[in-house]
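So the structure is just underneath, and the comments pick up after that.
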Amino acid sequence: MKRKFIIDTDTASDDAVAILMALRHPDIDVLAVTVVSGNMHVRDGSRNARYTVELCGAQTPVYVGCDRPLLREPVHAYWYHGPDGMGGMNYAEPGLQAQKARAVDALVELARAHANEVTLVTLGPLTNIAAALARAPEMAEQISRCVVMGGAANVVGNVTPAAEYNIWCDPEAARIVFRSGMNLEMVGWEVGRGDAALTDADIAAVYALNTPYAEFAMDCNAHAVELAKHWQGDPGMTLHDPTAMAIAIDPGISKRSGHYRVDVELRGELTRGMTVVDERHTVGTQAGFTDEWGVRERNALVHHALDAPRWKELLMECLK
Ligand code: BDR
Ligand code: CA
C-alpha cells in the first residue's frame, strides 16, 4: 500500500522539485498540495504547484491557503527564485484549476479522514498548518509524521545570521506548530548545504537523463545557482525542499539526527525566527524547571546531516 503524503508549499523552484519527487515516487500517494504565502504570493505559488502536478500527469488537488503570515507583513523571495518563482522560465499557464475549497479546511478534513495515516511535509512558512491547528487542535494527533523544511539547528541562518527563511517569515506560526505536540521532524537549511548541493557534474548527469522532469528540475533552479555566484550564496545547486522530501520519503537518508526540544524565537532583537534547539537537554535537566508552556519533553527529531550519495541517487530515480 502506498504511503499518504500531504505537501504544504510556497511553490517556487526547489519546492517544485520536491513536489515532483513525491508525485513520481512509486510508493507515495500525494493526497493534496496546499499552498501558502512565502517565496511567492499564493497566486503564483498555486500556478507553479499546478504546473508541476500537470507536468507529472497527475490530478492531485491543489488548494490555495493563507496569503500572508499570521501577524507579520509578507516578505517574498522573487529576487532569489526569479520573477515567476521558477527561475524566469515563464512556463505556460496550467490547465489544472485550483480547488474551490481553502487549504486550511482541506488540511483539517484530510487529517481527520486519514487519521494516523498521513505524512505532512511542509516546504514553506507554517501559516497554513498553524491556522489548521487553531481550527482543529486534534490535527496534532491525527498527522502521523510531519517533516518540516525549516530552521537552522544552532547554526547560521540564510536570511539572518540566526534564522532560516521559512521560520523567520512567520515565526508565530512556527512556534504554534512546534508547541502543538505533533510528531515533528525538522530538516534545517544546513542539511542541504555542503556535499548535499549538486555540483556541475551532478547537474550534467541530471540533464543527461534526458527526461522532461530532469530538464524542468534543473532549468527552474538555474537562476538561483547563478545568483548564488554573485551573492554570498553556496556553491552549486542547493535544493533545500527536496532534501527534506528525500528524508520524508526515505528516513534512512538522514545520517545524523537527535531528538530535542525545539522552540522558536519571536522577540529577539537580532534573532527573530531562530530555531532554538536544546541539543544538550539543558532545560530538561534543571530540577523542578517548568517553563511557560509547562512542557519539558523533546518535541522534534532534528536531522543534522544526510547521506549525500543516497539523496542524489533518490533524486535521480525520481527524475528518470
Ligand atoms: C527555504 O526557503 C525557500 O526559499 C526554499 O523554497 C526553502 O523552502 C529555504 O530556506
Ligand atoms: Ca519552499
Side-chain angles (χ1 to χ4, degrees), residues 6-22 33-42 44-49 51-52 62 65-66 69 72 74-87 103 120-129 146-153 155-171 173-174 177 185-194 196-198 217 220-228 231-234 236-248 264 272-275 303 306:
I6 297 175
I7 305 173
D8 189 73
T9 159
D10 55 337
T11 318
S13 46
D14 69 324
D15 299 69
V17 178
I19 294 171
L20 191 148
M21 287 172 72
V33 174
T34 55
V35 181
V36 68
S37 170
N39 289 317
M40 313 285 102
H41 188 280
V42 276
D44 296 329
S46 163
R47 183 200 57 229
N48 296 339
Y51 182 87
T52 309
V62 175
C66 301
R72 316 275 176 160
V75 180
H76 303 305
Y78 289 93
W79 64 276
Y80 182 77
H81 293 282
D84 53 355
M86 302 300 274
L120 173 62
V121 185
T122 73
L123 309 175
L126 290 160
T127 321
N128 282 347
I129 314 304
C146 176
V147 179
V148 173
M149 190 283 123
V155 297
V156 72
N158 61 356
V159 285
T160 74
E164 177 279 334
Y165 174 79
N166 287 342
I167 305 297
W168 175 88
C169 197
D170 194 344
V177 173
E185 295 181 34
M186 173 175 142
V187 183
W189 87 291
E190 69 277 15
V191 176
R193 305 184 73 189
L198 303 198
C220 70
N221 283 286
H223 176 274
V225 174
E226 275 312 302
L227 186 85
W231 173 62
Q232 85 279 36
D234 284 354
M237 185 182 284
T238 49
L239 295 171
H240 301 292
D241 292 335
T243 54
M245 184 59 79
I247 290 173
V264 178
R272 160 185 165 181
M274 179 177 181
T275 43
H303 297 284
L306 51 62

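Atoms within each ligand, like the ligands themselves, are counted from 1 in listed order. Heavy atoms only: backbone and side chains are in, while hydrogens, waters and symmetry mates are out.
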Practice problem: Could you tell me which atoms of ligand 1, counted from 1 in the order shown, lie closer than 4.0 angstrom to a heavy atom of Tyr165? | Solution: 2 (O), 10 (O)
Quiz item: What do the steps show when you test Thr122 against Ile129 for side chain to side chain contact (heavy atoms under 4.5 Å, CB included), and what is the final call?
Solution: CA-CA 9 Å; Thr122 73; Ile129 314 304; 3.9 Å; yes
Practice problem: Could you tell me which atoms of ligand 1, counted from 1 in the order shown, lie closer than 4.0 angstrom to a heavy atom of Asp15? | Solution: 6 (O)
Quiz prompt | Identified side-chain hydrogen bond (donor to acceptor under 3.5 Å, both in side chains) partner of Thr11 from the options Asp15, Asp14, Thr9 | solution = Thr9
Quiz prompt | Heteroatom test (N, O or S) for Ala18 near the Ca ion (ligand 2), limit 3.0 Å | solution = no
Quiz item: For atom 3 (C) of ligand 1, what is the nearest protein heavy atom, given as residue, atom name and distance?
Solution: Asn39 OD1, 3.2 Å
Quiz item: Which of the atoms of ligand 1 are close to Met149, meaning less than 4.0 Å from one of its heavy atoms?
Solution: 1 (C), 7 (C), 8 (O), 9 (C)
Self-check item: Any donor-acceptor pair under 3.5 Å from His303 side chain to Met186 backbone
Solution: no
Practice problem: State whether Asp10 contributes an N/O/S atom found under 3.0 Å from the Ca ion (ligand 2). | Solution: yes
Quiz item: Relative to the heavy atoms of Glu164, which atoms of ligand 1 are at a distance of less than 4.0 Å?
Solution: 1 (C), 2 (O), 9 (C), 10 (O)
Practice problem: State whether a side-chain donor-acceptor pair under 3.5 Å links Ser13 with Asn221. | Solution: yes
Self-check item: Proximal ligand 1 atoms for Asp14, defined as those under 4.0 Å from one of its heavy atoms
Solution: 5 (C), 6 (O), 7 (C)
Exercise. Using distance alone, decide if ligand 1 has a nitrogen or oxygen within less than 3.5 Å of any nitrogen or oxygen in Asp10.
Key: no
Self-check item: Side-chain (Asn158) to main-chain (Tyr165) donor-acceptor, under 3.5 angstrom
Solution: yes
Quiz item: Sub-3.5 Å donor-acceptor pair from the side chain of Tyr80 to the main-chain atoms of Leu227, do we have one?
Solution: no
Quiz item: Taking just the N, O or S atoms of Asp241, which one is nearest to the Ca ion (ligand 2)?
Solution: OD2
Quiz item: Under 4.0 Å from any heavy atom of Asn166, which atoms of ligand 1 are there?
Solution: 1 (C), 2 (O), 7 (C), 8 (O)
Self-check item: Test side-chain hydrogen bond (donor to acceptor under 3.5 Å, both in side chains) applied to Asp10 and Asn128, Thr127, Asn48, Asn39, the passing residue
Solution: Asn39
Self-check item: Protein heavy-atom partner closest to atom 7 (C) of ligand 1 - residue, atom, separation in Å
Solution: Asp241 OD1, 3.3 Å
Quiz prompt | Short side-chain to backbone donor-acceptor contact, Arg72 and Trp168, under 3.5 Å | solution = no
